[in-house]
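Working notes, structure below.
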There are 2 protein chains.
Amino acid sequence: MSPIGKTRPTGRDRLRDSVLAGDLSFLLARANALTLAAANAALAEHGLKARSYSVLALAADDVRPTQRELAEFLRLDPSQVVALVDGLEKRQLVERQTDPADRRANVLVATDAGRALFAQAQESARAVELGLLAAVTPQDHERLAQLLRLLAFPD
Amino acid sequence: MSPIGKTRPTGRDRLRDSVLAGDLSFLLARANALTLAAANAALAEHGLKARSYSVLALAADDVRPTQRELAEFLRLDPSQVVALVDGLEKRQLVERQTDPADRRANVLVATDAGRALFAQAQESARAVELGLLAAVTPQDHERLAQLLRLLAFPD
DNA sequence: ACGAATCGTTGAAAAAGTCAATTATTTGTG
DNA sequence: CACAAATAATTGACTTTTTCAACGATTCGT
């Protein structure tokens, strides 16, 4: 046995072996930062970012979300959703339709152009995701998604 | 069998059953947003946020990180680290020591007060984390951490 | 020894987030 | 029904965070 109980790792692993590196919040933040950067880079060629991609995805999926639902779902302030939708609507990718059931609310619907662009962007997004998950088996991928869902939707 | 192949869920689940909700990037972003908000709220009573907590954690752990290492590890711009360290140093929780091996670099070290505050803050952080993971078994907790590590440290 | 690279710092500019006020509409209650 | 309270979207002001280029000090490679 070594006479020293605990040896400090050297170089690259010094920080990775710290207490902080075991922290779930930290891992989540760092994983998210890397993933977000990769996604934004890939989506840029379609003139999208992760945010606008998310909005477009929901619109193209015929979810018909109101802006308020969007805000809650994406954890944004309603005023940020206004700007996001403005951008997509100006590009004619998406349309505001006043909800007939509640004329205060706007329901978001993708245009044909929006659906077409989303289909393309989705390809890029998928490719990025596969790249990031290169070290993860498909089973673990699904498992990870399940566990994250528990954190993302606590109720 | 129902004559309709696919039924749209109603109410709360409409968005949760969308394609986007299966997206790992999205789940990561939303889980991170909720976790970060909870952490910040809990750390506020110690005058910290997730960022400053992270820096303090590494300093208190005797990792002796340089500011550049901090920036890479926390995925921040070096200039943001300057501001972060300034704040902690003004409160005498942390000290800049010029690295004897490279006098361009500052190594971060926690003061006794910093270690004491960190110990307290760590309690709050742990409590929050447990709260968030109420629906997750300890085994799954560890599994989640492992999988996140793969995303957070791809190399 | 000397040019190129690196570390921390500064400051400016862009982007993102927060918040209160406003209008239009709906909901709940008498 | 009428009317007060609540809710959806929007706007504008304000703060915080992010991003970037430039700079002095120091180190590295040759």
Side-chain angles (χ1 to χ4, degrees), chain A residues 11 15 29-30 32-41 43-44 47-55 58-59 64-90 94-109, chain B residues 11 15 29-30 32-41 43-44 47-55 58-59 64-90 94-109:
Chain A
L15 292 156
R30 181 161 164 126
N32 181 53
L34 294 178
T35 301
L36 185 61
N40 279 338
L43 290 171
L48 296 172
K49 298 189 184 186
R51 288 282 170 79
S52 38
Y53 173 80
S54 297
V55 172
L58 291 165
R64 302 182 63 83
T66 67
Q67 293 184 202
R68 181 150 290 273
E69 288 173 319
L70 245 23
E72 197 295 320
F73 200 59
L74 303 177
R75 300 261 94 201
L76 298 174
D77 189 272
S79 63
Q80 293 179 274
V81 176
V82 171
L84 227 29
V85 173
D86 279 352
L88 292 172
E89 197 172 41
K90 235 164 249 148
V94 115
E95 240 186 23
R96 284 172 162 102
Q97 294 182 2
T98 66
D99 185 348
D102 181 349
R103 308 214 327 284
R104 289 170 302 182
N106 294 335
V107 148
L108 260 217
V109 182
Chain B
L15 292 152
R30 182 163 163 124
N32 182 54
L34 294 177
T35 301
L36 185 62
N40 279 337
L43 291 170
L48 296 172
K49 299 188 184 185
R51 288 281 171 79
S52 38
Y53 173 80
S54 297
V55 172
L58 290 165
R64 302 181 64 81
T66 66
Q67 293 184 201
R68 180 148 291 272
E69 287 174 320
L70 244 24
E72 197 295 321
F73 199 59
L74 304 177
R75 300 261 93 201
L76 298 175
D77 189 274
S79 63
Q80 293 180 274
V81 175
V82 170
L84 228 29
V85 172
D86 280 352
L88 292 172
E89 197 172 41
K90 235 163 247 148
V94 113
E95 240 185 24
R96 284 174 164 102
Q97 293 182 3
T98 65
D99 185 346
D102 181 350
R103 310 213 329 281
R104 287 170 304 182
N106 293 336
V107 148
L108 259 220
V109 181

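Naming: A, B, ... by sequence-line order, numbering from 1 per chain.
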Report summary line: In whole angstroms, the gap separating C1' of D/dT18 from CG of A/Asn40 amounts to 13 Å
**Report entry** Value in whole Å for how far the C1' atom of C/dA16 lies from CG of B/Leu36
**Finding:** 14 Å
Query raised in the report: With a non-hydrogen cut-off below 4.0 angstrom, is A/Arg96 in contact with a base, only sugar-phosphate, or nothing?
Result: sugar-phosphate
**Report entry** Closest to side chain of B/Val82, choosing from C/dC19, C/dC7, C/dT9
**Finding:** C/dT9
Requested in this report: Answer yes or no: does a side-chain N or O of A/Arg68 lie under 4.0 Å from OP1 or OP2 of D/dT7?
Outcome: no
Report summary line: Between A/Asp99 and A/Arg51, the residue closer to the 5' end of DNA chain C by nearest nucleotide is A/Arg51
Report task. Whole angstrom is fine here: how far is it from CD in A/Glu89 over to P in D/dA9? Result -> 13 Å
Requested in this report: Determine the minimum heavy-atom distance between B/Leu88 and B/Ser52, stating which atoms define it.
Outcome: CD1-O, 3.8 Å
Requested in this report: Classify the nucleic acid contact of B/Gln67 as base, sugar-phosphate or nothing, counting any heavy atom under 4.0 Å across all strands shown.
Outcome: sugar-phosphate
Report summary line: Separation of C/dG17 atom P from B/Asn32 atom CG, nearest Å, is 12 Å
**Report entry** Candidates C/dC19, C/dT10, D/dT27 - which lies nearest the side chain of A/Ser79
**Finding:** C/dC19
Requested in this report: Ignoring backbone atoms, establish whether A/Lys49 has a side-chain N or O less than 4.0 Å from OP1 or OP2 of C/dA16.
Outcome: yes
Report summary line: Against the side chain of A/Leu76, the closest entry in C/dG8, C/dA16, C/dG17 is C/dG17
Report summary line: Between the CZ atom in B/Arg75 and the CG atom in A/Asn32, the distance rounded to the nearest 0.5 Å is 12.0 Å
Query - Whole angstrom value for the distance that separates P of C/dA24 from CG of A/Asn106 - result: 14 Å
Query raised in the report: B/Asp77 CG to D/dT19 P: how many Å, rounded?
Result: 8 Å
**Report entry** Main-chain N/O of B/Ala50 paired with B/Asn40 side-chain donor or acceptor, under 3.5 Å
**Finding:** yes
Query raised in the report: For A/Gln80 and D/dG12, what is the distance between atoms CD and P respectively, to the nearest whole Å?
Result: 17 Å
Query raised in the report: With a 4.0 Å cut-off on heavy atoms, is A/Arg75 in touch with a base, just the backbone sugar-phosphate, or nothing at all?
Result: nothing
**Report entry** Qualifying residues under side-chain contact (heavy atoms from CB on, under 4.5 Å), relative to A/Leu76, sequence neighbours excluded
**Finding:** A/Arg51, A/Leu74, A/Gln80, A/Val81, A/Leu84
Query raised in the report: How many Å lie between CD on A/Glu72 and P on D/dT7, as a whole number?
Result: 15 Å
Query raised in the report: Using a cut-off of less than 4.0 Å, is there contact between a side-chain N or O of B/Arg103 and OP1 or OP2 of D/dT27?
Result: yes
Query raised in the report: If you take atom types as modelled and just measure distance, does the side chain of B/Arg104 reach the base of C/dT6 with a donor-acceptor pair under 3.5 Å?
Result: yes
**Report entry** Minimal non-hydrogen separation, A/Ala101 against A/Asp99, with atom names
**Finding:** N-OD1, 2.8 Å
